K.L.:
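Sharing a structure with you now.
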Protein chains: 2
Amino acid sequence: MMTDTSLPSFFFKDLPSRQAITLKAALFLFTEKGFFKTSVHDVAAEAGVSIGFIYHHFKDKEGIARALYNCLLERINTLIDEVEMKHKKVNDRCYAVIKTLFVLTENEPQVMHFIIHARHKEFLPEEKSICSTSAFVRMRGFVFLGIENGEIRDMDPLVAAMIVYGGAIRMICLRLDDVIETPLPDMLDSLWENTWRGLDP
Amino acid sequence: MMTDTSLPSFFFKDLPSRQAITLKAALFLFTEKGFFKTSVHDVAAEAGVSIGFIYHHFKDKEGIARALYNCLLERINTLIDEVEMKHKKVNDRCYAVIKTLFVLTENEPQVMHFIIHARHKEFLPEEKSICSTSAFVRMRGFVFLGIENGEIRDMDPLVAAMIVYGGAIRMICLRLDDVIETPLPDMLDSLWENTWRGLDP
DNA sequence: GTCTATAGAGAGATAGAC
DNA sequence: GTCTATCTCTCTATAGAC
């Protein structure tokens, strides 16, 4: 059974098509069954390529996950770039980041699952923790800036960052686990209004 | 090398000692190396028991994780019981729950890691998601009650629950990943003061 | 109940043809 | 670059003695 090639094509558009298809299949299987319960044979079968193809291009099983991880993180970074360019006020930036993540959760749950929910340290021990990743560091940076320039009440910057994004990330996790049944964008304004009330100077 | 038997003894006190030691060793290895990179032989060696002992008492490898999971969740439930009995105001209850989790994170990081951070669905597919678990449902229940009786501003109850616990859970994750270097209890009051500001009617 | 020895299967990785 | 066939090893689980 071949993976639907129309799925997250945006995320792999820089890669040769068969490698992109391979990563799509890996994303599907890794989020569905988990990294350790997915064999390289499974990925090959799902993608419709050979074992040899995979080992030639990705070196080993971890290489597939690594390529996938970097690819998706880079795209997330691009999305944050856009938010940063488009919005200057800290309130607007944080809101836009969360909105972007919420929309992504609805449209590409597998991407979000792999990025936010998977325990990378187990199968990518040498990669940086997802929280130390450029995208997440920059997200926290928006909050730090807000405290410096007085847009956010004076408080421990790290605490502020947790308040800003904690609720949203929690909602994403619960949505991916089907605990929340409402599409996240529908809850965005309520979430943000009440979150910001705690930060408004 | 035997695991330090003094570690999370509180959590296993109902079990015969060698089974408790086995679970301790499993907790150590599962959080350190991950479930899939830990073999049953590893657990046996770490605990100083035989393979046969483990298969006799836990049935299979998943059985170890399942016993561990249920054991720890039950204890967490007991802690929530205590909070519920001791505090009646919603504000106090939520604060106390978070404090309990923060203290637990510092004192028993492995317990917290296994409970909150591990992707159980991958190795315990039939168990309920951690978020659907009794303890977490009850935690959300405290918030729902607060909205009903007016202690929390009128808003979507789920959103309120995410705001209440989202920041705290996020901090726990980052603390376990060594992104946060400050002991969590030191940040508790700052976190709670600013979180509650968003919920206070 | 507890242990050791071992069976049996599956998966990661490679060799070598094309 | 791509594929198939296969090698090798590790790990789960069990059989059977004590």
Side-chain angles (χ1 to χ4, degrees), chain A residues 1-3 5 12 14-69 118-127, chain B residues 1-3 5 12 14-69 118 120 122-127:
Chain A
M1 189 226 324
M2 301 269 292
T3 308
T5 54
F12 307 120
D14 291 343
L15 280 88
S17 67
R18 302 180 73 218
Q19 295 183 40
I21 291 172
T22 305
L23 290 186
K24 267 180 229 175
L27 176 62
F28 173 73
L29 292 167
F30 289 171
T31 53
E32 205 75 11
K33 315 194 324 178
F35 177 80
F36 291 101
K37 287 195 173 168
T38 301
S39 72
V40 180
H41 279 86
D42 293 338
V43 176
E46 181 75 27
V49 300
S50 70
I51 292 282
F53 177 86
I54 291 184
Y55 277 95
H56 181 78
H57 287 282
F58 299 102
K59 179 165 178 167
D60 58 12
K61 189 184 177 186
E62 277 191 13
I64 307 173
R66 196 167 17 243
L68 191 53
Y69 186 62
R119 292 305 311 135
H120 303 102
K121 227 173 41 179
E122 260 189 70
F123 58 87
L124 290 177
E126 78 290 353
E127 294 286 325
Chain B
M1 186 225 323
M2 300 270 290
T3 307
T5 52
F12 307 119
D14 291 343
L15 281 90
S17 68
R18 300 181 72 217
Q19 296 184 38
I21 290 172
T22 304
L23 290 184
K24 267 181 230 176
L27 176 62
F28 173 72
L29 291 167
F30 290 172
T31 53
E32 204 76 11
K33 315 195 323 178
F35 178 80
F36 293 101
K37 289 195 171 170
T38 300
S39 73
V40 180
H41 278 87
D42 293 337
V43 177
E46 181 75 26
V49 301
S50 70
I51 291 280
F53 177 86
I54 292 184
Y55 277 95
H56 181 79
H57 287 282
F58 299 103
K59 178 166 178 168
D60 58 12
K61 188 183 176 185
E62 277 191 12
I64 307 172
R66 194 166 18 247
L68 191 52
Y69 186 62
H120 304 101
E122 260 189 69
F123 58 86
L124 292 176
E126 78 289 355
E127 295 286 326

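Since the model is a prediction, treat every value here as computed from it, not as a measurement. We use all heavy atoms of the structure for the numbers below, so side chains are in, but hydrogens, waters and symmetry mates are not. Every chain is numbered from 1, with letters handed out A, B, ... down the list of sequences.
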K.L.:
Who passes side chain to side chain contact (heavy atoms under 4.5 Å, CB included) against Glu127(B), sequence neighbours left out?
P.N.:
Arg66(B), Tyr69(B), Asn70(B), Leu124(B)
K.L.:
Please produce a list of atom pairs where a protein N or O lies less than 3.5 Å from an N or O of nucleotides 8-12 of chain C.
P.N.:
| from | atom 1 | to | atom 2 | distance (Å) |
| --- | --- | --- | --- | --- |
| dG12(C) | OP1 | Lys61(A) | NZ | 2.8 |
| dG12(C) | OP2 | Val40(A) | N | 2.9 |

K.L.:
Taking the six-membered ring of Phe35(B), is NZ or CZ of Lys61(B) closer than 6.0 Å to its centre and within 45° of its axis?
P.N.:
yes
K.L.:
Rounded to the nearest 0.5 Å, what separation is found between the CZ atom of Phe28(B) and the OG1 atom of Thr31(B)?
P.N.:
7.0 Å
K.L.:
With a 4.0 Å cutoff (strictly under), does any side-chain N or O of Arg18(B) reach OP1 or OP2 of dG1(C)?
P.N.:
no
K.L.:
Figure out the CZ/P separation between Phe53(A) and dT4(D), and round it to whole Å.
P.N.:
13 Å
K.L.:
In this structure, how many angstroms lie between the C1' atom of dA13(C) and the CD1 atom of Ile51(A), rounded?
P.N.:
9 Å
K.L.:
Restricting to side-chain hydrogen bond (donor to acceptor under 3.5 Å, both in side chains), what partner residues turn up for Ser50(A), sequence neighbours left out?
P.N.:
none
K.L.:
Mind telling me whether Phe30(B) and Phe123(B) have parallel, tilted or perpendicular rings, with 30° and 60° as the class edges?
P.N.:
tilted
K.L.:
For His57(A) and dC3(D), give me the distance from atom NE2 to atom C1', rounded to whole Å.
P.N.:
12 Å
K.L.:
Considering residues at least two apart in sequence or located in another chain, which fulfil the side-chain hydrogen bond (donor to acceptor under 3.5 Å, both in side chains) criterion with Ser17(A)?
P.N.:
none
K.L.:
Under 4.0 Å between a side-chain N/O of His56(B) and OP1 or OP2 of dT14(D), yes or no?
P.N.:
no
K.L.:
Round to a whole Å and report the spacing from CD1 of Ile21(B) to P of dT2(C).
P.N.:
12 Å
K.L.:
Hey, what do you get for CG (Asp42(A)) to NZ (Lys37(A)), rounding to the nearest 0.5 Å?
P.N.:
12.5 Å
K.L.:
Indicate every side-chain donor-acceptor pair of residues 51-60 of chain A with a distance under 3.5 Å to a residue at least two apart or in another chain.
P.N.:
| from | atom 1 | to | atom 2 | distance (Å) |
| --- | --- | --- | --- | --- |
| His57(A) | ND1 | Gln19(A) | NE2 | 3.1 |
| Asp60(A) | OD1 | Glu62(A) | N | 3.4 |
| Asp60(A) | OD1 | Gly63(A) | N | 2.8 |

K.L.:
With axes from five pairs an end, tell me the bend angle of the helix from dG1(C)-dC18(D) to dC18(C)-dG1(D), nearest 10°.
P.N.:
0°
